[in-house]
Amino acid sequence: MNASPSATLLYNCSAATLDLSVDASYGLIPNAALLVQGERLAWVGPQSELPEALAQQASLRHDARGALVTPGLIDCHTHLVHAGDRAAEFEMRLQGASYTEIAKAGGGIVSTVRATRAASAQELTRQSLKRLDALLAEGVTTVEIKSGYGLALDAERKCLKVARFLGGSRPVDIQNTFLGAHALPPEFAGRADDYITEVLRMLESLHADGLVDAVDAFCETIGFSTAQTRRVFEAARALNLPVKLHAEQLSDSGGAALAAEFGALSCDHLEWLSESGAQAMRRAGTVAVLLPGAYYFLRETKLPPVDSLRQNGVPIALSTDCNPGSSPCTSLLLMLNMACTLFRLTPAEALAGVTRHAASALGLHDRGVLAAGKRADFVLWDVAHPAELCYRIGANPRIATVFKGNRLDV
Ligand code: DI6
Ligand code: FE
């Protein structure tokens, strides 16, 4: 409880701490104060309970004028680094073509692969920064970015390097995920197993370059089988890298059970998740990442089994899935609203899904809640109650973001 003289006190706010030791809902502290010391929170609690000794050590005092404070938002599943768009495919889908049909006809992910391979790192950076800035404008302080639109060593390296560069260019933490097993590139047509061998080679090389924080795969009828996914996971395990999985998005392929077997950080999408899949996730402590943007944009009708996830005690995170094909979305606040309206999450569950549970989905235990010792990543909002963050559509009530203890006007 020692604060150095350089500590900063934020007072006259309410805090949705998402801290379970406060309560199991928002962890709401109505008249709160936060003490920031360096990159960390030194104290969080009711203003009236702030120890006088700590209060006196704060050399800077900031009146939050009644703002709501939440943890910095975490977008734990994005494909943010890519080139081009798929607006023409959107038109085709509106005329009746399905996402799967387009993918099988050589469009879909592979068309973004063509554009991404052709783009220079500089151009890729320019296009990706626009999306990142849109996320940051809504209070995002940690973003996961997957590769998977290169599908060849040099192109995957280019994308992961751009992702690292983005992290150095903006006040945000970027977590890199290698998704080499995203789709079959045309040069491996009919040779999926050979491509997986190439994925393993890419993984080793990119990991040696320090570009990989986690490993993902698209386990699906139009993606890779569980046997192929297992090979990728075994390689990740040998390198001590955590795994996650695009699982049961379009069909029940048994991906969640496989991912759980490897202690996956998360399984993502999950519209077709079975009861046994949910139980396997619970046993493994795997987070369910729901992606309402993809559900909405693909006009899916099969809802993810939210009740089963709740009953099994599987933590639920939410993310934009920012990608050009199934979720061209750069608003995590919109995902809060959609998760409540489409998936019937409570606003408290939704907010936990972009903070506490999103942090777990990335294996980051130093953030996602407001509590002493956690990182001083937080957002001040011009709202009276946390449910307002989920309730509005298209509003952005962010006042300011603090990233690692630094006040920013991003
Ligand atoms: N599932 C998705 O929703 C994204 N990737 C995946 O495996 C979509 C990628 C795309 O259509 O470009
Ligand atoms: Fe995705």
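Each ligand, and each atom within it, is numbered from 1 in the order the structure gives.
Heavy-atom proximity to Ser326, at under 4.0 Å, picks out these atoms of ligand 1: 2 (C), 3 (O), 4 (C), 8 (C), 11 (O). The distance from ligand 1 to the heavy atoms of Tyr99 drops below 4.0 Å at these ligand atoms: 8 (C), 9 (C), 10 (C), 11 (O).
Residue side and main chain included, His79 places an N/O/S atom under 2.8 Å of the Fe ion (ligand 2). The Fe ion (ligand 2) has no N, O or S atom of Asp268 under 2.8 Å away, backbone or side chain.
Geometric assessment of Arg93 against the ring of Phe297 yields a positive cation-pi assignment under the 6.0 Å and 45° thresholds.
Here the N, O or S atom of Asp321 that is nearest to the Fe ion (ligand 2) is OD1. Closest approach between the Fe ion (ligand 2) and any N/O/S atom of His77 involves NE2.
Between Thr112 and ligand 1 there is no heavy-atom distance shorter than 4.0 Å. Distances shorter than 4.0 angstrom occur between a heavy atom of Arg86 and an atom of ligand 1. Ligand 1 does not have Glu220 within reach: every non-hydrogen atom of the residue lies 4.0 Å or more from it.
Only side-chain heavy atoms of Gln249 come within less than 4.0 Å of ligand 1; its backbone N, CA, C and O stay farther off. Neither the backbone nor the side chain of Leu291 comes within contact range of ligand 1; no heavy atom lies under 4.0 Å.
Aromatic ring centres of His385 and Tyr391: separated by at least 6.0 Å.
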